[in-house]
Amino acid sequence: MAEITKSYEARDVEQKWYAAWQQAKAFEGVVDASRAPYSIVIPPPNVTGVLTMGHVLNNTLQDVLIRRARIEGKSAMWLPGTDHAGIATQTVVERELRKQKKTRHDFGREKFVEKVWDWRHEKGGIILEQLRRLGASCDWDRTAFTMDPAYSKRVLHVFVELFKRGHIYRGKRMVNWCPASLTALSDEEVIMKPVNSTMYRVRYELAAEPGRFIEVKTTRPETIPGDVAIAVHPDDPRYSSLIGQKVRRPIGPAAEIPIIADQAVDKEFGSGALKITPAHDRVDYEIGLRHKLPVIDVLEANGSLNAEAGEDLAGLDRFAGRKKAAELLKANGALVAEEAYANNVGYSERADVPIEPRLTEQWWLRYPKVEEAKAAVRDGHIKFHPERWSKVYLHWLENIQDWCISRQLWWGHRIPVWYRQGADRSDPKNWHVSIDGPADPQNWEQESDVLDTWASSWIWPMATMGWPDEGTMKRDGFDYFYPTSTLVTGPDIIFFWVARMIMAGLEFVRPGEPIERRIPFKDVYFTGIIRDQQGRKMSKSLGNSPDPLDLIATYGADGLRFGIISIAPQGQDIRFQEDRIESGKNFCNKLWNACRFRQMSGEAADNSSLAAIVSRLEPPRFDGDDHAILDRLLVTTREVERCFREFEFSAAVQALYGFFWNDFCDWYVEVSKSKLQSEETRGNCLAIQDLVLRQTLLQLHPFIPFITEELWSLLGYAQPGAFLQSARIEDPAQLSASLEQRGVSLNRALIEAVDHLKTFVSQARALKAEHNLASRRDVKFLVTAGDPAWATLHASTGKLIRIVGAAELTRRDVVDGAPAVVTPLGTLYLDLASTVDVGAEKVRLTKELEAIKKHIGGTEARLSNEAFVSKAPPAVLAGARKQLADQQAKRDELARLLGSL
RNA sequence: GGACGCUUAGCUCAGUUGGUUAGAGCACCUCGCUUACACCGAGGGUGUCGGGGGUUCGAGUCCCUCAGCGUCCACCA
């Protein structure tokens, strides 16, 4: 067996094992009726994306779940893939073209799409390579892409089906238009941002009464040429006499427009009069419809003003036009005032420019299975973790609006609708809707729009497993792996993705079967968002995110994984701190060295199975430390199991950290150093170490797969040719049963005595430190103790001397004038009577005595409270009484010590 | 305007169903290369658990309220 080196070098180990895992197809998800399935589909990252800290957290968690499922004996399958990310990817490629002074129109649709494919082949999938570096155990043979030919066909199938079922329609409506990307967006892709803008107070002159005006407030004077009315509230007494009159449009093509009355106007806002521009505002559009007003669109698709705006404004960008319009208004006396004004403006999520409400023909989806999607979560068929997100989900579904699914892009799934040449496109009779198109394509013209990216990823859990084709479903194990087990994602895409996947699953999978067979996943774990030190979201554009690959280089993939999990408690946003990643690395090194200590401590024994190790235990030779460490192992195993059940991964990592570092390394390994020197206790001690290390490696493996795999092999736990992940982890009951079978019965009294010994050791060390003897190993200790306490100390004297760093520990009946400390196992003295500084010692003891008196006061007060004594549970009451007795004993001893000085 | 979250040590944060003297990592100070580990060991914490009120024998934990920060939803020009 290879020797364990002095420190853990991650790089070589990681490369070696990942290659070995892949070679052995260890991540393959296989259909196995004898085992329970456990499946996860990856939230597909953008195909052109690179790994961010968010991805690290998200994918580490998925890998933890998948690897834990594997060692629990489930047939685990983690399906990877990428998303074509319509707008984002097209924008990236267009940006590249712009460097060559070209636009997509220079190439035409077909050539441009080819260019995007080239880009995808060159740069796409980098992120999947990066996931391998992180250790992600995906079934790479299943890697999917939303633009794969087979996947695309499934996307179109869904469109065609929903069209047939009456859920899809075409219509001219107000949409969110992005003047930069030149496409419509869904409501979810619009982000409201507070903006410092200007409010313009503008007066319109009455046509019939020159010199009399009506005033309105607007932030968008450039749209005044598109005004077709002024609206006031019907009950507003200020204006009732004006309703029906006409005013002159102050700029733009001259026109007289009516003053109308509409309930939608807020009397309290501004002057109570509202200019109506149906082409450029949703409310105005609705009002226009009610009053049958004309629509005058003064903007081009790119946001510049067109001829309708009049010759002064035509051709200007909307922002330049706004300034110009204000100047024109000022020049002709219509501008009453300009006021600074803070309002919210909708921005395009991707392009980060203000969107325009714009009237266009688009394709719309009336969501299917809305009610059932609510029930799925409300009734617990799908569980959200943390649960509170279900409220957000339900609220969105309660207020759901039809989904604009068409995008005026080239990169994406072209909508499978054909229009008869030369016929009226608005009439569905002239439409052909199918996956493959009409038989006589020369007579038809295909819709040029593509589908919203989310209208392809919403079928991800089904379509990546072959749906709807029965043959591919069988090949991919659809029946076995669907519904998937857990979805791990961010709460920011509850609407975009999670809710829509649920509706798609319910609509299309296994029609007629119970809801729990049709949902796409059973649990959804929402991660927190990783933020920087200032609390800003980490993002590429801000450049405030460390490169995960740099972190892997510095701390190892395991260090990064351990660190990121330990700072990510359930569902809370996290402020990233690199020192936590460093502590992940340090933990790996600690693990490495504890195993190294085991290897250096003695010959390898039979570690081939839990049974083999347990059979090496010698219960009759157990001392308190053996009982205590096995007890802690069992407690920790139970805790980790609970954490997995309740999706508390950082708590699991913390439990393992504390157990391994504090209970095992700081105590058991230290006491082992004595035990190993005696032939009598040596074999048993090594067996216990082997047992603890084995169960610890198993439990840590999902979090830190590389180093655990390496140590598993180095310490001889591995079956020939098998990986750690193909071992089976014992649950707490199995572990405890296995110990019982060997005759191990954990002794509570001995375990409690170990706690006392630990306290004794700390106090002894502190006593040394206070007298500047911390590093001396030749200190003589004296102790006055009752027989039971002395029995405990005496049984451990060898270990204690070693751990405390003492020359000897001797029992005395009386000690006077020496520095002392009162421990649970008697009063401990430094044999320094001659040199003690009585004054300092008095101060220290007095301080301690005061403190204990204070505590006694508190405990006595509680115990003398009649209500407490009669109402508190017996265990709490007994605890308080024992506490008081202990405190009083300590007080008396301290008082005696003080008196003897 | 609604909804949700957060406020605990210098910093970043744990604290599951209320129960002894509220914890961790980092930072900081002192000492130490004692035969696993200096990526380490030992010792070192006077915290108004954001403020106020309430329920309870008992509140960091439950309820009410106020304040600050953050996120999401919402067509007020």
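Residue numbers begin at 1 in each chain, while the letters A, B, ... track the order of the sequences.
- Ring pair A:F649/A:Y525: centre-to-centre distance below 6.0 Å.
- A distance of about 15 Å separates the P atoms of B:rG70 and B:rU8, rounded to the whole Å.
- Closest to the side chain of A:P873, from the set B:rG19, B:rC39, B:rU20, is B:rG19.
- Residues A:R203 and A:E215 are not paired through a salt bridge, judged by the lack of any N-O separation under 4.0 Å between the basic side chain and the carboxylate.
- Here B:rC73 presents its P atom at 17 Å from OH of A:Y393, a figure rounded to the nearest Å.
- For the OP1/OP2 pair of B:rA36 and a distance below 4.0 Å, the side-chain nitrogens and oxygens of A:K673 include at least one atom meeting the criterion.
- Taking CD of A:E670 as the reference point, atom SG of A:C665 lies at 9.0 Å (rounded to 0.5 Å).
- B:rU55 is unpaired under the Watson-Crick or G-U wobble criterion, no partner having all donor-acceptor distances under 3.5 Å.
- Toward the 5′ end of RNA chain B lies the nearest nucleotide of A:M600, the other residue of the pair A:M600 and A:V869 mapping further downstream.
- Contact annotation: side chain of A:K590 to base of B:rC37, donor-acceptor pair present below 3.5 Å.
- Here the nucleotide nearest the side chain of A:N586, chosen from B:rU21, B:rG19, B:rC39, is B:rC39.
- B:rU16 atom C1' lies 17 Å from atom CZ of A:F644, rounded to whole Å.
- Within the 4.5 Å cutoff, no side-chain heavy atoms of A:H233 are placed close to those of A:D266.
- Residue-level contact check: A:K882 touches neither bases nor backbone, having no heavy atom under 4.0 Å from any strand.
- When distances run from any side-chain atom of A:R802 to the nucleotides B:rU35, B:rA36, B:rC72, the shortest one goes to B:rU35.
- The side chain of A:V265 has B:rA77 as its nearest neighbour among B:rG41, B:rA77, B:rG43.
- Using a 4.0 Å heavy-atom distance criterion, A:K871 is classed as a base contact.
- Here B:rC69 sits opposite B:rG5 as a Watson-Crick or G-U wobble pair (both hydrogen-bonding atom distances under 3.5 Å).
- Spacing between atom CG of A:N589 and atom P of B:rG25 amounts to 17 Å, rounded to whole angstrom units.
- A:F495 comes within contact range of the sugar-phosphate backbone alone, with a heavy-atom separation under 4.0 Å but no base atom that close.
- Of the candidate nucleotides B:rU20, B:rA77, B:rC13, B:rA77 has the atom lying nearest to any side-chain atom of A:L274.
- If you take CD of A:E268 and P of B:rG1, they are 15 Å apart, rounded to a whole angstrom.
- Taking only side-chain atoms of A:N593, from C-beta outward, the nucleotide of B:rC39, B:rU20, B:rC37 with the closest atom is B:rC37.
- The one candidate from A:K882, A:K890, A:Q888, A:Q883 that meets the side chain to side chain donor-acceptor pair (under 3.5 Å) condition with A:D886 is A:K882.
- Computed from coordinates, the A:E578 CD to B:rG25 P distance equals 19 Å when rounded to whole Å.
- Nucleotides B:rU71 and B:rC76 have their C1' atoms positioned 23 Å apart, rounded to a whole Å.
- Side-chain atoms of A:E578 and A:Y555 form a donor-acceptor pair, as typed in the model, at a separation below 3.5 Å.
- When Watson-Crick and G-U wobble pairs are counted only if both distances are under 3.5 Å, B:rG23 pairs with B:rC13.
- Between the C1' atom of B:rC72 and the CG atom of A:L397 lies a distance of 15 Å, rounded to the nearest Å.
- For A:F269, taking side-chain heavy atoms from C-beta onward, the closest of the listed nucleotides B:rC57, B:rC76, B:rG5 is B:rC76.
- Looking at the side chain of A:T218, the nearest of the listed nucleotides B:rC26, B:rU71, B:rA77 is B:rA77.
- Among the nucleotides B:rG44, B:rC26, B:rU12, the one closest to the side chain of A:R580 is B:rU12.
- At a threshold of 4.0 angstrom between heavy atoms, the contacts of A:V216 with the nucleic acid are absent.
- Counting any heavy atom pair closer than 4.0 Å across all strands shown, A:R777 reaches a base atom.
- Within 4.0 Å of A:F562, counting heavy atoms only, lies no atom of the nucleic acid at all.
- Between A:F562 and A:F706, the ring centre distance reaches or exceeds 6.0 Å.
- Set against B:rU56, B:rC39, B:rG43, the side chain of A:S762 has B:rG43 as its closest nucleotide.
- The interatomic distance linking A:D573 (CG) with B:rU71 (P) rounds to 9 Å, in whole Å.
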Inset, instruction - Decide side chain to side chain donor-acceptor pair (under 3.5 Å) for A:Q401 and A:W396; before the verdict, give the C-alpha distance in whole Å, the side-chain angles of both, and the deciding distance to 0.1 Å. - result: CA-CA 9 Å; A:Q401 304 289 319; A:W396 185 72; over 6 Å; no
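- Taking atom CH2 on A:W396 and atom C1' on B:rU71, their separation rounds to 18 Å, with Å as the unit.
- Side-chain N/O atoms of A:E670 and base N/O atoms of B:rA36 include a donor-acceptor pair closer than 3.5 Å.
- For B:rU34, there is no paired nucleotide, since no Watson-Crick or G-U wobble pair has both relevant distances below 3.5 Å.
- Both A:S583 and A:W661 lie close to RNA chain B; mapped to their nearest nucleotides by heavy-atom distance, the more 5′-ward contact belongs to A:S583.
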